[in-house]
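The structure under discussion appears below in the form of structure tokens.
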Amino acid sequence: MPQITSALATGTTAPPTSPAPALKRRSRTTGERLQTVLFIASLGWLALLLVLMFVSMATPWLDPFQQDFGATKQAPGFAHPFGTDANGRDVLARTVAGAQNSFTVAAITLVVGAVTGSVIGIVCGYFRGWFDSVVGLALDTLMAFPALMLIILLVSFRGPSLWTIGGAIGLLMIPSFARVTRSITLSVRSREYVQAAVLIDTPTPRILLTAVLPAVAPVLVAYAFTAVTVGIVAEGSMSFLGYGLAAPAPSWGGIIAEGRTALAQAPWITLAPAATLTITVLAINVIGERFKEKRK
Amino acid sequence: MSLALTAPAIPVHAVPAVSVQELSLGFESNGKMTHVLEGVSFELAQGECLAIVGESGSGKSVLGRTILGVGSQPNSEHSQGAVLLSGDDQLTASAQERRSRAGTRVAMIYQDPMTSLNPTVRIWKQVIESISNRRRLSRREGRAKAVEMLRAVGVPDPERRIDAYPHEFSGGMMQRVGIAAAIAGNPDVLIADEPTTALDVTVQRKVLDLLDRIRRDSGMSMILITHDLGLLTGRADRTMVLYAGRVLEIGPTERITTAPAHPYTQRLLAAIPNVSGTLRRELPALDGGLPPLDRPRTGCPFASRCEIAMPQCHTERPPAVQLAPDHIAHCWAAADPAEGTAP
Amino acid sequence: MRTTSLPEKTPSGMGPVDGEAFVTIRGMEVQFRGPKGTVHAVDGIDLDIRKGSVLALVGESGSGKSTIAKALVGLVARSGGTVSVGGVEQAPERRNRPRQSRAALQMVFQNPVSSLNPYQKVATIVAEPLRVAKVPADSRVKRVRELLGAVGLDVDSILDKRPGEISGGQAQRVSIARALAAAPELLIADESVSALDVSVQATVLNVLRRLSVEGGLSMLFISHDLGVVRTVSDDIAVLHLGQLCEVGPSEAVLAAPAHPYTAALRAAVPEPGIPLGEAKHTDAEPPSPLSPPSGCSFRERCLYATAVCAELRPALTELGGGRRVACHHPLIPAAHDTAHEAHAKENSA
């Protein structure tokens with residue numbers, strides 16, 4: 001036997017030792033604290049927007065249409081926190097009203113894009129076959145179509161309403177939702193517990209409900225956050241280009257466009273809604289990230 | 001019956017190749033701490049082969065990775081104790097130092113060569129990686145070295161195979177390539193983490209024989225991590241049994257596999273369905289499971305499942321009982337033969 | 001001591017009494033067409049599973065053992081051959097089989113945790129086959145408790161757990177309970193203990209053995225581990241690259257292998273405390289299913305191969321005692337030879 005020089009090998013029974021000293025946990029890092037602060041701030045921001053939106057809808061304050069020709073292009077002050085525009089309308093009120101429209105469009109986008117896209121994705125992923133191939137081709141075609149042109153065409157034909165804009169953007173999101181849900185469905189389908197369900201003759205709708213849907217849902221929700229921000233920015237861009245809601249209906253993009261000509265003298269007309277849009281999108285992203293982290 | 005070894009004679013006071021002293025390791029996530037290793041101590045002499053045997057939750061793979069020094073998650077890992085490679089502590093070394101030691105002083109062979117090799121890089125580049133990371137090799141030098149290594153591990157037609165990609169090899173061949181990559185840097189210590197678990201049994205033996213031959217020819221020290229007690233005879237000089245992060249028993253392989261002292265080892269051996277010997281239709285099963293890993297253990301971790309557990313087994317950590325010059329069991333029953341069923 | 005109530009013996013409306021062939025497979029073939037060519041995963045297999053007994057399918061990777069199981073159950077469509085269960089011939093694809101036939105064959109998979117729906121509780125998982133069979137809710141609850149008890153689980157503590165909260169051994173027993181809920185005539189265990197620790201494996205093997213011996217359940221047990229196979233099975237079939245090498249009672253085959261591949265497998269099994277003897281196969285690489293050798297698929301690694309082994313695929317021949325072997329140079333001479341020898345001995349005595 002090779003010589004073993006271990007101290008353990010020589011000598012007799014070692015005295016019993018107490019339990020090993022406990023390992024200490026480290027304190028929260030700076031990065032984690034910052035993330036928590038951002039998360040709370042984002043929640044706060046969105047809550048604030050909601051409150052303001054409610055006020056605008058339910059009370060006479062924050063009326064986006066009220067014009068005061070005695071106070072046009074006024075700089076931000078106590079009476080008008082975001083200043084006024086060329087027609088004397090309160091920019092804050094207009095921005096808040098614009099938020100209502102943006103969120104409505106985002107909701108429509110989700111319904112059309114997320115729901116339709118997911119159903120298509122799940123059905124294609126689970127059943128495969130010719131349906132999957134045909135639908136895949138259709139979606140690829142849709143994705144190849146220049147998005148801008150499609151929205152412009154649709155809006156030109158049907159007129160600029162919330163449903164048309166929301167529907168158009170949602171339509172363009174269908175392929176990405178379908179793709180994501182299809183790939184998850186494909187991976188779930190090959191899992192042994194789905195094979196087991198087939199073996200015991202579980203009806204297919206029940207398999208989709210109890211096995212596929214719970215796997216798709218978390219990813220879907222996480223992706224929905226991104227979709228909402230895309231919808232908001234898309235709506236803003238469309239309105240900026242003039243293919244969004246018609247004046248005088250307030251929308252972030254529209255207000256930004258209006259303020260373009262007066263940028264030198266009254267920059268707040270453009271900057272206020274632009275900043276609001278940016279912060280709102282950032283807030284939604286932060287919350288979405290947190291949701292993804294918690295899911296892990 | 002003693003096993004004849006052809007390893008070179010080792011001077012009595014040589015520094016052990018690996019010395020682990022009271023190693024405790026925990027992982028933290030979401031505010032909860034999981035204690036993976038507790039108070040692990042052992043030594044690996046130069047040129048010897050130590051088998052670390054354990055089931056799931058024993059911590060054997062984490063132990064292997066800690067000795068290797070790379071592949072850990074520094075943010076969530078907490079450790080105490082010492083892990084010495086020929087006297088140099090891995091736990092207090094910087095990430096850079098540990099990276100430079102991996103490949104040259106200690107190397108690892110992984111369970112699944114399919115996932116440990118890069119599918120997009122040709123074989124020869126991966127085989128000489130531990131050398132090329134440290135010094136510049138010309139293309140000719142590198143390829144020649146790769147051929148030499150592949151020949152050493154028994155890959156036929158090495159001049160042609162060095163340009164292949166991993167997926168072009170069978171499981172057994174890929175593991176040989178993995179071994180070649182591990183020994184290319186001429187490490188002092190080779191850690192093999194379940195090297196044959198993913199291979200068919202007819203291929204398994206060849207790979208283990210190869211590892212054995214490499215060790216004896218080069219004098220490398222080896223740690224064989226496995227859950228299969230059948231692989232050890234004739235290959236590992238000593239065996240250490242790990243359970244829920246603690247060492248339960250350590251000693252010469254022959255004793256551990258034929259006359260173990262610790263009740264866990266005894267039960268483990270009894271539960272293995274045997275191909276030779278008497279047919280047993282009903283196997284002695286082990287009820288219960290591992291103790292919760294989220295708090296430090298009091299007493300013996302096996303106490304909740306042990307048939308001969310005494311009251312103190314649950315409350316006081318068992319002592320290291322010296323049963324023979326190099327056979328130690330951490331068990332209260334072994335300490336007091338009158339009370340338990342110690343040998 | 002736990003009281004175990006085993007599932008009632010299923011009324012064998014489908015035919016044969018204990019000991020007779022219950023599942024008959026003749027000439028089964030399964031081919032997969034891939035980019036690199038056609039793989040004959042199963043290449044002409046004849047098998048019988050007797051009622052109330054356990055047949056083990058043994059082989060290494062590429063042997064086709066899992067494919068046979070899937071083709072038997074209809075999850076994979078066979079390319080040729082016939083399968084009869086209780087005398088009733090089965091369609092290649094599962095969805096073309098009558099409901100009663102589908103329920104009669106159930107399977108337990110290798111990976112314990114991924115075989116269970118992670119979003120459901122154990123009670124729901126085991127109740128699912130009963131729900132499909134439209135068993136009323138209160139009977140379902142009672143039956144689920146019976147089944148969980150029959151596989152040796154602590155019923156009250158496991159009912160409300162989810163798969164992520166239970167151990168591998170417990171999960172595998174839940175899978176068995178679920179399969180039993182469908183009241184099958186044949187249970188297929190596909191590497192069902194391979195992913196479990198040795199200490200836990202024993203519990204599951206004991207459950208399976210009891211189900212067969214006391215409950216009269218027929219079983220097809222697929223494994224690469226000869227020790228496990230010996231403990232749990234009555235008969236064994238050894239496979240190599242989709243072909244049958246030998247068939248017979250497990251004890252007899254393992255104690256005295258007739259096929260060189262069986263001998264090679266047996267010699268390669270590592271056992272604690274026993275040094276390995278010499279390898280009973282050559283150093284050649286195992287053949288790939290994409291390019292199988294001509295004639296006998298094992299000849300490249302066989303110690304006794306001759307020219308005829310490359311030309312002619314050996315047919316299954318009787319050895320007596322329920323044993324059959326497909327080899328030109330079996331390690332045990334064929335039945336007619338032993339009968340001839342016995343006759344000669346008698347005459348000379």
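Proteins come first, then strands; the chains are lettered A, B, ... in the order of their sequence lines, and each starts at number 1.
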Next item on the list: Check each atom of C:R230 against the heavy atoms of chain B and say whether the ones under 4.5 Å are side chain, backbone, both or neither.
Entry: both

Next item on the list: Can you tell which part of C:V232 gets under 4.5 Å to a heavy atom of chain B, answering side chain, backbone, both or neither?
Entry: backbone

Check: Given a strict heavy-atom distance threshold of 4.5 Å, which part of C:D283 is in contact with chain B: side chain, backbone, both, or neither?
Finding: both

Notebook entry, point to check: Just how far is it from atom CG of C:L205 to atom CD of C:Q172, taken to the nearest 0.5 Å?
Noted result: 10.5 Å

Margin query: Hydrogens and angles aside, do B:T233 and B:E254 bring a side-chain donor and acceptor to less than 3.5 Å of each other?
Written below: no

Notebook entry, point to check: Relative to chain B, which segment of C:P286 carries a heavy atom at a distance below 4.5 Å: side chain, backbone, both, or neither?
Noted result: side chain

Margin query: Looking at B:E168 and B:R161, is there a salt bridge between them, counting it only when a charged N and a carboxylate O are closer than 4.0 Å?
Written below: no

Check: Do B:S276 and C:E271 meet the criterion of a side-chain donor-acceptor pair at a distance under 3.5 Å?
Finding: yes

Next item on the list: Could you check which of C:H224, C:H281, C:R301 has the highest count of heavy-atom pairs closer than 4.5 Å to chain B?
Entry: C:H281

Note to self: Less than 4.5 Å to any heavy atom of chain B: does that hold for the side chain of C:L196, its backbone, both, or neither?
What the structure shows: neither

Checklist line | chain B contacts, top residue of C:A202, C:S288, C:P272, C:A268 (heavy-atom pairs, under 4.5 Å) | finding: C:P272

Checklist line | Backbone of B:E55 reached by a side-chain donor or acceptor of C:D197 within 3.5 Å | finding: no

Notebook entry, point to check: So, does C:K65 use its side chain to make a donor-acceptor pair with the main chain of C:G59 at under 3.5 Å?
Noted result: yes

Check: Within a strict 4.5 Å, meaning less than it, do heavy atoms of the C:F221 and C:L208 side chains meet?
Finding: yes

Notebook entry, point to check: Side chain, backbone, both or neither: which part of C:S250 has a non-hydrogen atom closer than 4.5 Å to chain B?
Noted result: neither

Notebook entry, point to check: B:R280 versus chain C, heavy atoms under 4.5 Å apart: side chain, backbone, both or neither?
Noted result: backbone

Next item on the list: Counting only heavy atoms closer than 4.5 Å, note whether C:L226 contacts chain B via side chain, backbone, both or neither.
Entry: both

Note to self: side chain to side chain contact (heavy atoms under 4.5 Å, CB included) for C:T203 and C:R173? Distances and angles first, verdict last.
What the structure shows: CA-CA 9 Å; C:T203 310; C:R173 284 182 280 168; 3.6 Å; yes

Next item on the list: Among B:C331, B:P301, B:P260, find the one that has a side chain to side chain contact (heavy atoms under 4.5 Å, CB included) with B:L248.
Entry: B:P301

Item checked: Verdict with reasoning, B:T196 to B:T226, per side chain to side chain contact (heavy atoms under 4.5 Å, CB included) -> CA-CA 9 Å; B:T196 55; B:T226 181; over 6 Å; no

Next item on the list: Answer with side chain, backbone, both or neither: which region of B:P284 has an atom nearer than 4.5 Å to a non-hydrogen atom of chain C?
Entry: backbone

Check: Among C:L276, C:V229, C:L265, C:V228, who wins on heavy-atom pairs under 4.5 Å with chain B?
Finding: C:L276

Check: Just wondering, do B:E194 and B:H227 contact through their side chains at under 4.5 Å, heavy atoms?
Finding: yes

Check: When heavy-atom pairs shorter than 4.5 Å are enumerated against chain C, which of B:L279, B:N274, B:L229 gives the highest number?
Finding: B:L279

Next item on the list: Give, as side chain, backbone, both or neither, the part of C:T231 having an atom under 4.5 angstrom from any heavy atom of chain B.
Entry: both

Check: With only heavy atoms counted, which part of C:A255 is less than 4.5 Å from chain B, the side chain, the backbone, both or neither?
Finding: neither

Check: Checking B:L269 against chain C: side chain, backbone, both or neither under 4.5 Å from a heavy atom?
Finding: side chain

Next item on the list: For each of C:L254, C:I274, C:V269, C:V200, tally heavy-atom pairs with chain B at distances under 4.5 Å, and name the one with the top tally.
Entry: C:I274

Checklist line | C:F298 and C:H259 aromatic ring geometry - parallel, tilted or perpendicular at 30°/60° bounds | finding: tilted

Checklist line | B:E48 side chain to B:R238 backbone, donor-acceptor under 3.5 Å | finding: no

Check: With respect to chain C, which residue among B:L208, B:L283, B:V275 yields the maximal number of heavy-atom pairs within a distance under 4.5 Å?
Finding: B:V275

Notebook entry, point to check: Does a side-chain heavy-atom distance below 4.5 Å link C:I158 with C:Q170?
Noted result: yes

Check: chain B heavy atoms under 4.5 Å from C:E285: which part of the residue, side chain, backbone, both or neither?
Finding: side chain

Item checked: Among B:M173, B:R267, B:R305, residue most engaged with chain C (heavy-atom pairs, under 4.5 Å) -> B:M173

Notebook entry, point to check: Counting heavy-atom pairs under 4.5 Å to chain B, which of C:A264, C:S167, C:A279 comes out on top?
Noted result: C:A279

Check: By a 4.5 Å heavy-atom criterion (distance strictly below it), what part of C:Q201 contacts chain B: side chain, backbone, both, or neither?
Finding: side chain

Checklist line | Interface moiety of B:T202 toward chain C, non-hydrogen atoms closer than 4.5 Å | finding: both

Checklist line | Part of B:D209 within contact of chain C (heavy atom distance under 4.5 Å) | finding: neither

